[in-house]
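If you read the sequence from its start, that first residue is 1, and numbering goes on from there.
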Amino acid sequence: QVELVESGGGLVRAGGSLRLSCAASGSIPSVHAMGWYRQAPGEERELVAQITSGGSANYADSVKGRFTISGDNAKNMVSLQMSGLKPEDTAVYYCRMFRSIGYDYWGQGTQVTVSS
């Protein structure tokens with residue numbers, strides 16, 4: 001049983017920055033992965049960035065060099081620093097914690113809107 005709560009979304013001009021945060025609570029194992037995903041209307045949910053408990057991170061090609069994911073396992077938090085935002089980054093951003101089948105949790109999402 002895990003609960004995830006995202007925060008930090010909002011409206012920003014192209015070229016601006018936002019920082020998303022996700023706080024997790026509940027029964028959290030030491031070995032797990034956390035990530036940020038996004039979904040625009042009419043589109044599939046896609047991976048933005050993820051980080052494992054071992055500290056390895058990976059990013060979607062579209063955000064490399066602009067977004068940075070960071071995690072604090074002791075605090076069970078994960079953040080996404082977004083810079084150089086583009087209108088195509090507009091989406092609902094979701095936090096995810098997962099390890100295996102039966103252990104896969106999602107937050108409710110936070111809206112990020114980037115204006116031209």
Side-chain angles (χ1 to χ4, degrees):
Q1 182 180 341
V2 173
E3 294 183 359
L4 304 175
V5 180
E6 303 99 333
S7 62
L11 175 64
V12 65
R13 287 181 173 272
S17 299
L18 285 174
R19 184 178 181 87
L20 306 183
S21 296
C22 174
S25 62
S27 299
I28 303 171
S30 59
V31 179
H32 64 271
M34 297 188 72
W36 288 96
Y37 295 71
R38 66 187 182 188
Q39 186 170 24
E43 299 183 8
E44 296 288 329
R45 187 172 299 185
E46 64 176 355
L47 172 70
V48 176
Q50 67 177 27
I51 187 167
T52 69
S53 58
S56 63
N58 60 77
Y59 300 86
D61 288 341
S62 60
V63 307
K64 287 181 179 177
R66 299 188 298 120
F67 292 10
T68 301
I69 189 171
S70 60
D72 186 336
N73 196 53
K75 295 182 178 180
N76 295 314
M77 296 181 66
V78 63
S79 298
L80 185 70
Q81 178 65 49
M82 305 184 293
S83 299
L85 285 163
K86 305 174 181 179
E88 51 263 43
D89 294 320
T90 296
V92 177
Y93 284 69
Y94 298 90
C95 178
R96 181 193 184 196
M97 176 182 288
F98 61 99
R99 184 178 68 170
S100 63
I101 297 175
Y103 196 96
D104 190 355
Y105 298 93
W106 295 82
Q108 294 298 305
T110 184
Q111 177 71 46
V112 172
T113 302
V114 184
S115 64
S116 300

Residues which pass salt bridge (Lys or Arg N to Asp or Glu O under 4.0 Å) with [X], listed by chain and number, not counting sequence neighbours:
{"X": "D72", "value": "none"}
{"X": "R99", "value": "none"}
{"X": "K64", "value": "D61"}

By side-chain contact (heavy atoms from CB on, under 4.5 Å), which residues pair with S53, not counting sequence neighbours? V31
Who passes side-chain contact (heavy atoms from CB on, under 4.5 Å) against S25, sequence neighbours left out?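 E3.
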Using a 4.5 Å cut-off between side-chain heavy atoms of Ile, Leu, Val, Met, Phe, Trp and Tyr, which other residues end up in the same hydrophobic cluster as [X]?
{"X": "L11", "result": "none"}
{"X": "V92", "result": "Y37, L47, Y94, F98, W106"}
{"X": "I69", "result": "V2, L4, V12, L18, L20, I28, M34, W36, V48, I51, Y59, V63, F67, V78, L80, M82, L85, Y93, M97, Y103, Y105, V112, V114"}

So which atom in A40 and which in A91 form the shortest heavy-atom distance, rounded to 0.1 Å? N-CB, 3.9 Å
Inter- and intrachain pairs under disulfide (SG to SG under 2.5 Å), touching residues 46-96, at least two apart: C22-C95
If the condition is side-chain hydrogen bond (donor to acceptor under 3.5 Å, both in side chains), which residues does [X] pass it with, not counting sequence neighbours?
{"X": "T68", "result": "none"}
{"X": "T113", "result": "Q111"}
{"X": "Q39", "result": "R45"}

S116 OG to E88 CD distance, which is reported to the nearest 0.5 Å: 8.5 Å
CD (Q1) with more than 12 external heavy atoms under 6.0 Å: no
Is a side-chain N or O of E6 found less than 3.5 angstrom from the main chain of G109, in a donor-acceptor match? yes
D104 side chain to I101 backbone, donor-acceptor under 3.5 Å: no
Are Q108 and V5 close enough that some pair of their side-chain heavy atoms sits under 4.5 Å apart? no
Non-hydrogen side-chain atoms of S83 and Q81 separated by less than 4.5 Å: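 The answer is yes, as the side chains (C-beta and beyond) meet within the 4.5 Å cut-off.
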